[in-house]
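All remarks here apply to the structure that follows.
Residue numbers start from 1 in every chain, and the chains themselves are labelled A, B, ... in the order their sequence lines are given, proteins ahead of strands.
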There are 2 protein chains.
Amino acid sequence: MSIQTRRERERAERERLIVTAARELAEAEGWDAVTTRRLAAEIEYSQPVLYSHFKGKDAIMAAVAVEGCAELAVELRAAREAASGARARLAAVGEAYTAFGRRRPALYDAMFTHAVDLPFATPEAPAPLQEAFGELVRAVEPIAADGDDVPLLTETFWASLHGLITLLRSARLPEADHARRLDLLIGHFTAGRV
Amino acid sequence: MSIQTRRERERAERERLIVTAARELAEAEGWDAVTTRRLAAEIEYSQPVLYSHFKGKDAIMAAVAVEGCAELAVELRAAREAASGARARLAAVGEAYTAFGRRRPALYDAMFTHAVDLPFATPEAPAPLQEAFGELVRAVEPIAADGDDVPLLTETFWASLHGLITLLRSARLPEADHARRLDLLIGHFTAGRV
DNA sequence: ACAGGTTGGCTAGCGCTGCTAGAATCGGGA
DNA sequence: TCCCGATTCTAGCAGCGCTAGCCAACCTGT
């Protein structure tokens with residue numbers, strides 16, 4: 001029993017090591033630099049070890065994505081709690097969301113851009129994903145009109161933020177006016193509210 | 001002179017052949033299936049021929065993207081002209097845009113998702129890109145408030161549509177409620193207008 | 001303390017990718 | 001007809017994700 005648990009603990013630690021190394025490498029040099037060989041070297045094990053923990057590279061990215069969602073949720077919550085008033089809160093959360101996407105582009109891509117087989121909009125979605133979405137819901141709920149489907153409205157708001165970030169980051173939207181675009185978006189979503 | 005022009009014409013035709021083959025292959029089997037070997041086989045030339053026309057695979061994708069923008073512009077224009085009233089037109093254009101993204105996912109990715117070094121938000125952007133954006137501008141302009149920066153508002157609206165499509169297509173938003181989300185978006189962008 | 005068996009990591013390699021150097025071949029001009 | 005230049009092909013490089021099969025280290029039971 002003790003030996004078994006020690007082994008399981010060591011395995012779990014190494015799994016954390018893999019995810020952390022993948023994330024740090026991706027944030028430092030982009031996902032293109034995260035090859036299985038490079039990652040194996042980083043954790044000082046051979047390549048096949050990765051495959052005893054994860055089904056493949058995509059699964060490693062998915063694990064990084066889940067970690068990222070947990071952090072995003074924390075940052076969104078902090079932003080919401082720091083502001084007061086329905087509109088200011090939505091603006092703060094929108095700001096925090098886009099700031100996250102720009103500050104941690106590799107992490108953001110793993111979470112929301114890269115094709116991944118994480119269950120998203122279902123009850124089976126990993127808890128951190130639901131928490132992050134829940135933070136958005138809490139920010140959107142106060143500005144919903146009577147009869148609005150709040151989750152659906154949140155999804156729409158989220159998609160708008162996501163579009164702003166991805167187009168901005170791929171240089172399809174000029175960097176300069178990001179804040180003004182975000183303002184316009186918040187304005188239209190909070191039209192007629194405090 | 002005659003020989004020279006014939007050669008240039010043949011070269012141009014082959015370049016069209018490459019772009020068309022790349023596009024068809026991508027639409028049929030996705031961009032992962034578009035390898036330089038496969039593409040070379042498709043056009044019945046050897047691999048290096050591709051590199052005498054384009055700098056690399058990304059440049060081929062960029063050429064496909066430009067072609068896609070021209071088509072998108074046509075479809076947006078048709079949608080706008082078929083509808084009447086500011087709000088209905090914006091809705092029709094939004095509908096057409098998202099329908100395009102869902103009907104031609106590979107094309108859409110080349111245009112707006114894949115990292116590409118096409119100049120976008122500058123005067124040097126290829127004409128088809130500017131036309132497609134121009135169509136969006138024409139749809140947004142009537143619902144702009146006094147003092148609104150119309151191009152900026154268009155960019156914001158575009159980003160929202162883009163976010164809806166990408167999250168939908170990556171299964172991060174459930175397929176079912178797409179139309180309702182689009183409705184919500186149009187509603188918020190046209191609040192208080194006809 | 002030692003043999004047996006199992007667990008687990010490593011070496012080596014497969015088939016693929018984008019891309020390119022240099023050989024070979026084809027076509028037009030003297 | 002011969003030659004020269006442009007053009008196309010063959011062959012190969014380095015690197016990718018992933019895996020089969022060998023080998024060693026470790027725990028277990030005597």
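In this structure, A:Pro174 and A:Arg181 approach most closely via the heavy-atom pair O-NH2, 2.5 Å. When all heavy atoms of A:Pro126 and A:Leu118 are compared, the pair lying nearest together is CG-CD2, 4.0 Å. Contact record, A:Ile165 with A:Thr98: CD1-CA, 3.5 Å, taken as the closest heavy-atom pair. Residue B:Lys55 comes nearest to B:Ala59 through the heavy atom pair N-CB, 3.9 Å, listed as atom of the first residue, atom of the second, then distance.
Picking from D:dC9, D:dG12, C:dC10 the nucleotide with the shortest atom distance to the side chain of B:Gln47 gives D:dG12. Closest contact between the side chain of B:Pro48 and the listed nucleotides D:dG17, C:dC10, C:dT20 involves C:dT20. Nearest nucleotide to the A:Ser52 side chain, out of C:dG9, C:dT11, C:dG18: C:dG9. Each of C:dC19, C:dA21, C:dC10 was ranked by its minimum atom distance to the side chain of A:Ser46; first place goes to C:dC10.
Atom-to-atom, NZ of B:Lys57 to C1' of C:dC16 comes out at 12 Å; the value is rounded to the nearest Å. Per the geometry, CD1 belonging to B:Ile60 stands 9 Å off P belonging to C:dG18, to the nearest Å. The separation between A:Glu44 atom CD and C:dG9 atom C1' is 15 Å, rounded to whole Å. D:dC9 atom P lies 11 Å from atom NE2 of B:His53, rounded to whole Å. When rounded to the nearest whole Å, the span between CZ of B:Phe54 and C1' of C:dT20 equals 18 Å. Atom CG in A:Asp32 sits about 17 Å away from atom P in C:dT17, given to the nearest Å. Separating the OH atom of B:Tyr51 from the P atom of C:dG18 is a distance of 6 Å, rounded to the nearest angstrom. B:Met61 places its CE atom 11 Å from the P atom of C:dG18, with the value rounded to the nearest Å.
The aromatic rings of A:His162 and A:Tyr108 sit parallel, their planes meeting at an angle under 30°, below the 60° perpendicular limit. Ring geometry, A:Phe157 versus A:Phe189: the interplanar angle exceeds 60°, so the pair is classed perpendicular (tilted spans 30 to 60°).
Put simply, A:Tyr45 has no side-chain N or O that comes within less than 4.0 Å of OP1 or OP2 on C:dG9. Note on A:Thr36: a side-chain N or O is less than 4.0 Å away from OP1 or OP2 of D:dG17.
Salt bridge present: B:Arg38 and B:Glu29 bring a charged side-chain N and a carboxylate O closer than 4.0 Å. One finds a salt bridge joining B:Glu71 and B:Arg104 here, because a Lys/Arg side-chain nitrogen approaches an Asp/Glu carboxylate oxygen to under 4.0 Å.
An angle of 30°, rounded to 10°, separates the two end axes of the helix from C:dG5-D:dC26 to C:dA30-D:dT1, each defined over five pairs.
Residue-environment remark: CD (B:Glu75) exceeds the threshold of 12 foreign heavy atoms within 6.0 Å.
Between B:His53 and B:Tyr45, the side chains place no donor N or O within less than 3.5 Å of an acceptor N or O (distance only, hydrogens not considered).
Looking at A:Lys57, its side chain does come within 3.5 Å of a backbone N or O of A:Val34 through a donor-acceptor pair. One N or O on the side chain of B:His188 and one on the backbone of B:Leu184 form a donor-acceptor pair closer than 3.5 Å.
DNA chain D is contacted by no residue of residues 12-21 of chain A, taking any non-hydrogen atom closer than 4.0 Å.
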Under 3.5 Å, which N/O atoms of the protein pair with N/O atoms of nucleotides 13-15 of chain D?
none

